[in-house]
2 protein chains.
Amino acid sequence: MSSTTRRAYHHGNLREALLDAAEQSIEASGPRGLSIRGLARAVGVSHAAPNSHFPDRQALLDALARRGFERLGDLLEQACLSADVVQSSLETRFRGTMAAFVKFATDHPELLDLMFVRKRANHDPSSQLEAAANAALNPISRLIDEATGAGILAPGDRGRQWYLLAALTRGIAALVLSGDIQPEAIETLLTDATATFLRGNAPDP
Amino acid sequence: MSSTTRRAYHHGNLREALLDAAEQSIEASGPRGLSIRGLARAVGVSHAAPNSHFPDRQALLDALARRGFERLGDLLEQACLSADVVQSSLETRFRGTMAAFVKFATDHPELLDLMFVRKRANHDPSSQLEAAANAALNPISRLIDEATGAGILAPGDRGRQWYLLAALTRGIAALVLSGDIQPEAIETLLTDATATFLRGNAPDP
DNA sequence: ACCTGAACACCGTTCAAGT
DNA sequence: ACCTGAACACCGTTCAAGT
């Protein structure tokens with residue numbers, strides 16, 4: 001019965017097999033190195049077979065990005081929760097969530113790029129991709145609400161604080177991916193960023 | 001005599017003509033839409049002609065990125081200086097510099113992407129590209145030094161403050177380019193980011 | 001030195017045809 | 001429904017040959 005998973009490659013499983021191969025390819029040689037024909041070859045089907053599952057190359061990349069957001073969302077969620085269980089301070093949880101994002105970036109640099117290109121080429125706000133993107137970043141909103149409730153963050157405009165935190169997080173990831181920060185300095189930067197954000201947005205005493 | 005600039009297209013001017021065409025193409029349809037053959041066509045030379053000026057496609061992209069850093073450097077410099085002349089506060093100048101970066105991002109989104117991919121594909125720390133990149137971001141360092149001198153920033157680790165400011169700046173640009181921020185919210189975010197950075201890194205009283 | 005033209009090994013996408 | 005094979009119009013890069 002376990003043979004079912006092994007055998008049924010060309011019937012029903014092709015879509016996922018292609019996405020798996022695509023993710024490997026992308027991390028190895030960037031999105032530009034990804035070719036539909038190469039994927040088909042790697043999986044052992046004809047070069048036109050992928051077309052049955054993805055109308056064009058971009059659709060495959062979108063599906064890849066969507067999977068990425070789902071995984072990123074899980075990681076951020078975990079970072080929030082596990083920090084909670086250990087009864088850590090809110091500052092630690094902020095830092096942990098940013099750190100989780102940055103770890104995802106270093107683990108899957110090309111995938112992250114793919115995920116955040118969106119709006120430029122493709123822009124359908126009702127797509128599953130956008131839904132996944134919004135869902136993934138939800139933990140950040142909840143953390144901000146919690147901190148506001150605890151009196152650690154000024155109860156100002158929730159959106160403005162979200163933007164700030166999102167900018168910091170993505171900015172750090174960008175610095176790391178472009179190689180503009182020395183790897184040893186990342187931990188310090190995460191700590192500094194958390195402290196700066198909280199201090200800069202603390203309620204007036 | 002002005003005919004010299006107009007005529008001498010295929011002798012001596014080709015390199016720049018290709019780069020100009022490349023920049024147009026890239027902003028119109030992304031780096032993926034850029035083809036050497038297409039450029040050659042647009043400029044009116046044979047498809048192999050570009051090879052006399054750029055050993056391969058990547059070399060052309062690198063040259064494009066280098067030009068981008070030179071222009072970005074000029075803009076940041078200007079943002080610093082012009083704000084100085086008007087005798088503005090240091091806070092205004094911080095904001096102005098970040099705003100200049102973000103404006104460059106919205107004006108040349110694809111070019112900016114190209115500029116900051118570096119380290120992943122290509123990584124020669126002694127290249128002219130890297131030199132241009134470092135030079136471009138110099139104004140930020142000078143601004144931090146100035147603010148430290150004026151007692152507005154804590155005289156801690158210069159590098160740590162640089163990383164923070166760079167992360168904020170690039171993060172905001174990233175939010176804008178990926179469409180994750182409403183355009184009307186950008187000005188507010190720039191103000192909030194400046195205030196948060198300065199407040200979060202102010203010297204202890 | 002700079003450019004051309006042919007050649008080679010790739011692409012994505014379409015489409016009739018098979019199962 | 002899912003896949004194949006041929007076909008079409010593209011690529012980047014190399015290289016002998018021209019000027």
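Below, chains carry the letters A, B, ... as their sequence lines are ordered, and counting in each starts from 1.
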Query raised in the report: D:dC2 P sits how many Å from A:L18 CG, rounded?
Result: 13 Å
Report summary line: note: B:L39, atom CG; D:dC11, atom C1'; distance rounded to Å ~ 13 Å
**Report entry** Rounded distance (Å) that lies between atom P of C:dT14 and atom CD1 of A:I36
**Finding:** 12 Å
Report task. Indicate, with a heavy-atom threshold strictly under 4.0 Å, whether B:R37 touches base, sugar-phosphate, or nothing. Result -> base
Requested in this report: Write down the distance between CG (A:L14) and C1' (D:dT4), rounded to a whole number of angstrom.
Outcome: 13 Å
Query raised in the report: Any salt bridge between B:D20 and B:R67, counting N to O under 4.0 Å?
Result: yes
Query raised in the report: Within the structure shown, what part of the strands sits under 4.0 Å from B:D56 by heavy-atom distance: base, sugar-phosphate, or nothing?
Result: sugar-phosphate
Report task. Would you give the length of the straight line joining atom CD of B:E23 to atom CG of B:L114, rounded to the nearest 0.5 angstrom? Result -> 10.0 Å
Query raised in the report: In whole angstrom, what separates A:L60's CG from C:dC11's C1'?
Result: 15 Å
Requested in this report: Whole angstrom is fine here: how far is it from NE2 in A:H53 over to C1' in D:dA1?
Outcome: 9 Å
Query raised in the report: Which sits closer to the 5' end of DNA chain D, A:S46 or A:R32, going by the nucleotide each is nearest to?
Result: A:S46
**Report entry** Contact under 4.0 Å: B:S35 side-chain N or O vs D:dC11 OP1/OP2
**Finding:** yes
Query raised in the report: Considering only heavy atoms from C-beta outward, does the side chain of A:F101 approach that of A:L112 to under 4.5 Å?
Result: yes
Query raised in the report: In whole angstroms, how far is the C1' atom of C:dG12 from the CD atom of A:Q58?
Result: 13 Å
**Report entry** Any-strand Watson-Crick or G-U partner of D:dA9, both distances under 3.5 Å
**Finding:** none
Query - Atom CD of A:Q128: over 12 foreign heavy atoms under 6.0 Å - result: no
Query raised in the report: Parallel under 30°, tilted from 30 to 60°, perpendicular over 60°: which one fits the rings of B:F116 and B:F69?
Result: perpendicular
Requested in this report: Classify the nucleic acid contact of A:S52 as base, sugar-phosphate or nothing, counting any heavy atom under 4.0 Å across all strands shown.
Outcome: base
Requested in this report: Go ahead and name the base partner of D:dC3; Watson-Crick or wobble counts if both distances stay under 3.5 Å, otherwise write none.
Outcome: none
Query raised in the report: Would one find a side-chain N or O of B:R41 under 4.0 angstrom from OP1 or OP2 of D:dC11?
Result: yes
Query - Under 3.5 Å donor-acceptor pair, A:H47 side-chain atoms to D:dA6 base atoms - result: yes
Query raised in the report: Could you give the CG-to-P distance, from B:N51 to D:dC15, as a whole number of Å?
Result: 11 Å
